[in-house]
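The structure displayed is predicted, hence computed values, not measured ones.
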Amino acid sequence: VPLLPFRDRIEFREVSFRYQAKPVLEGVDLEVLRGQMIALVGGSGSGKTTLAKLLIRLADPVGGSIRVAGTDLRQVSLASLRSALVMVPQDGFLFDTSVAGNVRMGRLEAGDREVRAAFEALGLDGWVEGLPRGLHTRVGERGEYLSVGERQLVALARGYLADPGCLILDEATSAVDPATEVALRNAIARLTEGRTAITIAHRLATAEHADLILVLERGRLVQRGTHAQLLADPDGAYARLHGSWLASLAAGSETAAAW
């Protein structure tokens, strides 16, 4: 059935998933309300990316259900699901065509004016105009003519053009130069403003500003709350993650100072 416009909530009900015999998610119960900024945090292999993949139906739960607007996603047509929920991965796939052609994958009928408006809305018009042929610059196979960060900028513009009810972001942490990182952060802030957004947060600085943080550990949802609420439990999983993150930042600063 067509998915109704996203006006209320997304519900995970006792969701479990396994890769062959290996459990990845176990009994996940949560609600995402319209307009919320959600951060998914947890160590490597905790199930963050798997949860996002289930939400956009790259796979289905082996137990439980995911409901949007009260409808089980397994009953929803993929076309309506793809327009309602959009995922921007860390390194979005780009086709060997122009920047405009890749952004237009978010909405195939869009013209160059609408594509250009997407870059302007994200504050990226200066970047795209600086390319050799602007919107019509060829990106190469898998976007090989662009840097990792620049490919992410194109993927963000594609997500903006799709105008989904819910946006899922896998935060980029690959090698990105400082200038592109600033552009990325600003574009993400504009893209998620006023929109339901679920971010797989690899940097806990992102989680600090979320309305709700969900902490996954070995496939289970072990904590939920705001940054302040979760830090109030010094023995909790989030406090441990935050402490490790701060220690890594300090170590990086010391290394930079030594150089």
Side-chain angles (χ1 to χ4, degrees), residues 1-17 25-42 46-61 63-78 80-89 156 159-160 162-171 187-217 219-233 236-238 241:
V1 296
L3 184 63
L4 295 173
F6 179 59
R7 297 194 180 98
D8 188 12
R9 67 191 66 206
I10 300 170
E11 300 169 281
F12 285 71
R13 298 181 179 177
E14 287 293 317
V15 169
S16 299
F17 186 76
L25 292 173
E26 290 288 341
V28 174
D29 274 312
L30 66 93
E31 285 188 344
V32 178
L33 302 180
R34 183 185 179 189
Q36 272 190 321
M37 296 280 291
I38 304 291
L40 292 176
V41 305
S46 60
K48 304 184 300 294
T49 300
T50 298
L51 190 148
K53 287 180 177 178
L54 294 181
L55 185 54
I56 58 170
R57 284 206 73 198
L58 292 181
D60 283 328
S65 65
I66 303 173
R67 295 176 176 271
V68 177
T71 305
D72 190 317
L73 289 188
R74 286 169 288 207
Q75 300 174 344
V76 170
S77 70
L78 284 178
S80 65
L81 178 64
R82 294 287 178 261
S83 64
L85 291 89
V86 168
M87 184 173 182
V88 180
L156 290 172
Y160 182 90
D163 193 24
C166 178
L167 189 73
I168 304 152
L169 290 166
D170 195 351
E171 187 182 44
I188 288 172
R190 294 188 182 200
L191 178 59
T192 56
E193 185 177 0
R195 193 189 306 271
T196 307
I198 302 171
T199 301
I200 301 171
H202 301 280
R203 298 169 180 168
L204 293 193
T206 302
E208 291 177 1
H209 304 290
D211 297 321
L212 180 66
I213 301 169
L214 304 173
V215 186
L216 288 162
E217 194 171 71
R220 293 187 177 275
L221 183 57
V222 295
Q223 282 185 300
R224 67 187 81 197
T226 64
H227 174 70
Q229 289 169 341
L230 295 177
L231 280 187
D233 179 5
Y238 183 77
L241 284 169

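- The OG1 atom of Thr49 sits 10.0 Å away from atom CG of Leu216, with the distance rounded to the nearest 0.5 Å.
- Heavy-atom minimum distance, Gly27 versus Ser16: N-OG, 3.1 Å.
- At least one side-chain heavy atom of Ile200 sits less than 4.5 Å from a side-chain heavy atom of Met87.
- Under 4.0 Å is where a charged nitrogen must lie from a carboxylate oxygen, and between Arg13 and Glu11 at least one such pair does.
- A distance of 8.0 Å separates CD of Glu208 from CD1 of Ile213, quoted to the nearest 0.5 Å.
- Remark: side-chain polar atoms of Thr199 are not paired, donor with acceptor, to backbone N or O of Ala39 under 3.5 angstrom.
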Step-by-step side-chain contact (heavy atoms from CB on, under 4.5 Å) determination, Leu51 to Val28
CA-CA 9 Å; Leu51 190 148; Val28 174; 4.2 Å; yes
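- Of the possible donor and acceptor atoms, none in the side chain of Arg74 sits under 3.5 Å from a partner among the backbone N and O of Ile66.
- In plain terms, the two heavy atoms of Val215 and Ala237 that are nearest each other are CG1-CB, 3.9 Å.
- Residues passing the salt bridge (Lys or Arg N to Asp or Glu O under 4.0 Å) test with Arg220, sequence neighbours excluded: none.
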Take Phe12 and Leu221 through the test side-chain contact (heavy atoms from CB on, under 4.5 Å) and record every step on the way to the result.
CA-CA 11 Å; Phe12 285 71; Leu221 183 57; over 6 Å; no
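- Using a 4.0 Å cut-off between charged side-chain N and carboxylate O, Arg195 and Asp163 make a salt bridge.
- Remark: side-chain polar atoms of Thr196 are paired, donor with acceptor, to backbone N or O of Gly35 under 3.5 angstrom.
- Heavy-atom minimum distance, Ala197 versus Thr192: CB-CG2, 3.8 Å.
- Separating the CD1 atom in Ile38 from the CG atom in Leu169 is a distance of 13.0 Å, to the nearest 0.5 Å.
- By the 4.5 Å heavy-atom criterion applied to side chains, Leu25 and Leu54 are counted as neighbours.
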Could you walk me through whether Lys48 and Leu214 pass the side-chain contact (heavy atoms from CB on, under 4.5 Å) check?
CA-CA 9 Å; Lys48 304 184 300 294; Leu214 304 173; over 6 Å; no
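- When all heavy atoms of Phe17 and Pro61 are compared, the pair lying nearest together is CD1-CA, 4.3 Å.
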For a side-chain contact (heavy atoms from CB on, under 4.5 Å) check, start with the C-alpha distance between Leu81 and Leu78, then their side-chain angles and the critical distance, and finish with the verdict.
CA-CA 5 Å; Leu81 178 64; Leu78 284 178; 4.2 Å; yes
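- Separating the CG atom in Leu231 from the CG atom in Leu241 is a distance of 10.5 Å, to the nearest 0.5 Å.
- Side-chain contact between Ile10 and Cys166 is present, with heavy atoms from C-beta onward closer than 4.5 Å.
- Between the side chain of Asp29 and the backbone N or O of Glu14 there is at least one donor-acceptor pair closer than 3.5 Å.
- Between Val1 and Thr71, some side-chain heavy-atom pair lies under the 4.5 Å cut-off.
- The minimum heavy-atom distance between Gly159 and Pro164, with the atom names listed, is O-CD, 3.4 Å.
- Although no hydrogens or angles enter the test, the distance criterion places a donor-acceptor pair under 3.5 Å between the side chain of Gln223 and the main chain of Tyr238.
- Nearest heavy atoms, Leu156 versus Ala187: CD1-CB, 3.9 Å.
- Judged by distance alone, with hydrogens and angles left aside, the side-chain atoms of Ser80 form a donor-acceptor pair with the main-chain N or O of Leu3 at under 3.5 Å.
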